[in-house]
Undergrad: 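Starting off with a structure, shown below.
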Amino acid sequence: MSGVAPARTRRRARDVARRTVVEFVGEVFVRPVREGRIRDVAWPLGLRPIVLVSIVAYVTAGALVVFSGPLREWIPLGAQSGTVLMTLPRAIVWIVLALTALSTSLAASGALHTRPWFRWLTTFFVILVIMFVSVPDQGDVPLGRVASVIGAVGLIVFVAVRGDRAFRWWEFVAITALIWGPLAVTAAVLTAVARPLGFDFMPLLLSLMLSTLGQLAVPAALAAGAAVASFTVSSALWAAKIARTVIGSGAVLVLLVLVALWRTVDVVLAVPGLLEDPRELRILAGSLLLLALIAGSWAVLARIRPGRGEPSAQGMADRIDGLALLVAAFTTTSLPATPLIALAQVTLGYGSPPEVTTALLAAADALTSTTVLFAVRGAGAIVLLALAVVQARRGRRTLPELMAAVGVAGVLLATTGLVGFPLLWSADGLAIVGAVLALGVLVVALVRRRLDAARATSVLVALLMSALFAYRDFIADPIAFVLGFAGGAIVLFGFVWSFLTESGVANEDSRGYPRPARVQLILANAVFGITVLAFLALARDPDVAVSLGDLATFGAQAFGDPLVASGLLLALWAAVRGREVDAHPEDDEEWIGTELAEAEVPRSAPDGALAGDERVRGDELDRIGVGVLDPRDDAGDRVAGDEGGVERHRAE
């Protein structure tokens, strides 16, 4: 009998541990995927094979990213020389080209049955791709150009005939043939011409397509930066809640003591650096300012909102990816600049006057200048604040507060870029300030003997958020080690997480944007983004294309930091009031994605515009103004970028 009780205790401990892990994994990983993935909701005949092909392509591109290092070692490299030297595994070039063409076909097919303006805008973009691919064909009988003209005319006719009709599976096949045909003919002609001369043209053709096309992945890369912050908020929230509900209040107190000691040591170790460097003090002041401005905006929203209610930290974490993608798409000026650059090269290659090309490139330069870019970002942030007010007046919560937080951060970043705002936060500074505030609340509660289970849970959530955010590289570092190169880990994590959890809009339906169109557009966006990342991983040259890693870092600053700041404010406010953060589940309210669906506006933009230049150098990030604003720099040096805009793209 003496051994029965210990055995029963061990079995109970195993059951509690198993339940803790299962519930944590279920809330942090399984639930977001279950709610946000693409689902087979009354799909018409033929859509399933298209989705299957797209998923296989997505997995293939992801595998190219993960195994890019070994592939460069095992497969002979094809070199392309010129202004930069680029090497790619020769046998993989055709796969990347096929993935790019597939994303183009998905975008064109997805836009076929949407609103006429969107349908024809996408068609025009795809025609630019088809025409651009054939520009290098300078033969006496330019078969590539002939095939491109035939493909462009055929696509126009096909869209005009089928645009107002219902989805049919063979439409995707026809559009794929019209897009892939000119590409295959041009590739065959150029290869036949270059191979006798000992020159490998395919890496150059791929570079021509993806160097500029990669700029179309800027919104997705910016949004990917918010994934780590979303994971941080969800993990901290559910770790504390599950510890209380599954294990008990005693576990919360034990965890609170351990995490409080951990963060106290971190804060103490950070003090000498703060005292030695005045810039670090400015960072802390900027972090406090961010928290204060967000809290002030929330107070305004609470006053104008009819009824009572509190925002949800988990609701914000669930919504940040979609909101970040939407804001990035509307405030990234390189998106309209990319078709202008492609059109300039096509017009020049097909014999138009040089003045036309010069005017188009000048317009692209103006759009991507630092001043215009930060002005657009600032305007977008102000619009977001206005939308937050509108949402609050309608009685909604969580989304207005998230909009306000991102809007406040956007205004501060735009002000810094335009006039050199002296106080700008950093992620580490925000984590330290959050830890200090949480420890202060904990000390006051202990002194006043009011540390009950609910308050302890909220303080634990705040401390865990600050700790996980301070050590956020624990997510990126293992992935970067596997990939073998820095910068791609956050992007890969963000791309995959967003695709798994933010594709729910494809399950909706409307007359202007039916479900088959949504599914194909979501897949086009996903396949294109990870294909660009695969190209960067295989090339391993920072001068080849836009750095998605740096873009994701800026996205983390613009979208991830406001989310963490919001989570800290909610947890601290709940602790001050003696409540548990997110104690009451959020109401089933529709968010902006559903409103857009009702307005029949598509969630994702097409990725089918393939246009490129000879190269986009590594400093292109600076030229389009997407570098991270370093709060340690002097005011005059804070603007990432210069006034030069995108570099001139001229055909030889």
Side-chain angles (χ1 to χ4, degrees), residues 41-47 50 54 101-132 148-179 182 213 216 219 325-326 329-330 332-333 335-340 342-343 346-347 360 363 367 503 505-525 527-528 592-611:
V41 182
W43 284 354
L45 178 66
L47 185 58
I50 296 175
S54 302
L102 175 63
S103 65
T104 309
S105 303
L106 286 168
S109 179
L112 181 61
H113 301 295
T114 59
R115 290 293 187 185
W117 70 268
F118 185 71
R119 178 196 315 156
W120 287 108
L121 180 63
T122 306
T123 301
F124 171 74
F125 222 6
V126 173
I127 289 174
L128 280 180
V129 174
I130 295 174
M131 303 299 290
F132 170 77
S148 296
V149 172
I150 294 174
V153 173
L155 184 61
I156 292 174
V157 173
F158 189 82
V159 171
V161 172
R162 294 294 308 173
D164 294 325
R165 303 189 181 186
F167 168 83
R168 294 293 184 269
W169 65 268
W170 51 265
E171 295 170 341
F172 175 77
V173 177
I175 289 176
T176 300
L178 291 171
I179 294 174
L213 179 62
L216 297 177
L325 182 61
L326 193 65
F330 279 100
T332 300
T333 57
L335 289 186
T338 298
L340 292 178
L343 182 59
V346 170
T347 55
L360 291 172
L367 283 173
S503 299
V505 69
N507 303 321
E508 304 295 332
D509 197 10
S510 66
R511 291 184 58 187
Y513 299 93
R515 187 175 293 117
R518 295 167 181 261
V519 170
Q520 292 179 87
L521 290 173
I522 289 291
L523 292 172
N525 188 63
V527 172
F528 168 72
I592 192 170
T594 303
E595 290 188 353
L596 290 175
E598 294 172 353
E600 298 182 347
V601 177
R603 170 75 172 272
S604 62
D607 297 298
L610 302 183

Undergrad: Report yes if some heavy atom in the side chain of F132 is under 4.5 Å from a heavy atom in the side chain of L213; otherwise report no.
TA: no
Undergrad: Looking only at heavy atoms, what is the nearest atom pair of S54 and V527, with distance?
TA: O-CG2, 3.8 Å
Undergrad: For I522 and A506, which heavy atoms make the closest approach, and how far apart are they?
TA: CG1-CB, 4.0 Å
Undergrad: Around atom CH2 of W169, are there more than 12 heavy atoms of other residues, nucleotides or ligands at under 6.0 Å?
TA: no
Undergrad: Considering non-hydrogen atoms only, spot the tightest contact between I175 and A108 and give its length.
TA: CG2-CB, 3.8 Å
Undergrad: Using 0.5 Å steps for rounding, measure from the CG atom of L102 to the CD1 atom of I179.
TA: 9.5 Å
Undergrad: Is any side-chain heavy atom of L335 less than 4.5 Å from a side-chain heavy atom of L216?
TA: yes
Undergrad: Which value, rounded to the nearest 0.5 Å, describes the distance between T176 atom OG1 and W170 atom CH2?
TA: 13.0 Å
Undergrad: Taking all heavy atoms of G110 and all of A517, pick out the closest pair and write down the distance.
TA: O-CB, 2.9 Å
Undergrad: May I ask you to decide if A166's main-chain N or O and R162's side chain share a donor-acceptor pair within less than 3.5 Å?
TA: yes
Undergrad: For side-chain contact (heavy atoms from CB on, under 4.5 Å), just list the numbers for T104 and F528, CA-CA rounded to whole Å, side-chain angles, deciding distance to a tenth of an Å, and then say yes or no.
TA: CA-CA 8 Å; T104 309; F528 168 72; over 6 Å; no
Undergrad: Measure the spacing between CG of L45 and CZ of F167 and express it to the nearest 0.5 Å.
TA: 8.5 Å
Undergrad: Using a 4.5 Å cut-off on heavy atoms from C-beta on, say whether the side chain of R119 contacts that of D164.
TA: yes
Undergrad: Rounded to the nearest 0.5 Å, what separates atom CZ in F158 from atom OG in S109?
TA: 8.0 Å
Undergrad: Run L112 and T122 through side-chain contact (heavy atoms from CB on, under 4.5 Å) and show every step you take.
TA: CA-CA 9 Å; L112 181 61; T122 306; over 6 Å; no
Undergrad: When rounded to the nearest 0.5 angstrom, what distance separates CZ in R165 from CD in E171?
TA: 9.5 Å
Undergrad: Counting distance only, does the side-chain N/O of R515 pair as donor-acceptor with the main-chain N or O of V41 below 3.5 Å?
TA: yes
Undergrad: Would a distance-only check, ignoring hydrogens and angles, find a side-chain to backbone donor-acceptor pair under 3.5 Å from T333 to L367?
TA: yes
Undergrad: Does the side chain of F125 reach to within under 4.5 Å of the side chain of L343, using non-hydrogen atoms?
TA: no
Undergrad: Could you grab the distance from atom OG of S103 to atom CG of N525, nearest 0.5 Å is fine?
TA: 9.5 Å
Undergrad: Of all the heavy-atom pairs spanning T114 and F118, show the shortest one and how long it is.
TA: OG1-CD2, 3.2 Å
Undergrad: List the atom of G151, the atom of P182, and the distance in Å for their closest heavy-atom pair.
TA: CA-CG, 4.2 Å
Undergrad: Does some side-chain heavy atom of V126 sit less than 4.5 Å from a side-chain heavy atom of I130?
TA: yes
Undergrad: For the pair L155 and I127, evaluate side-chain contact (heavy atoms from CB on, under 4.5 Å) and give the outcome as yes or no after the intermediate values.
TA: CA-CA 8 Å; L155 184 61; I127 289 174; 4.2 Å; yes
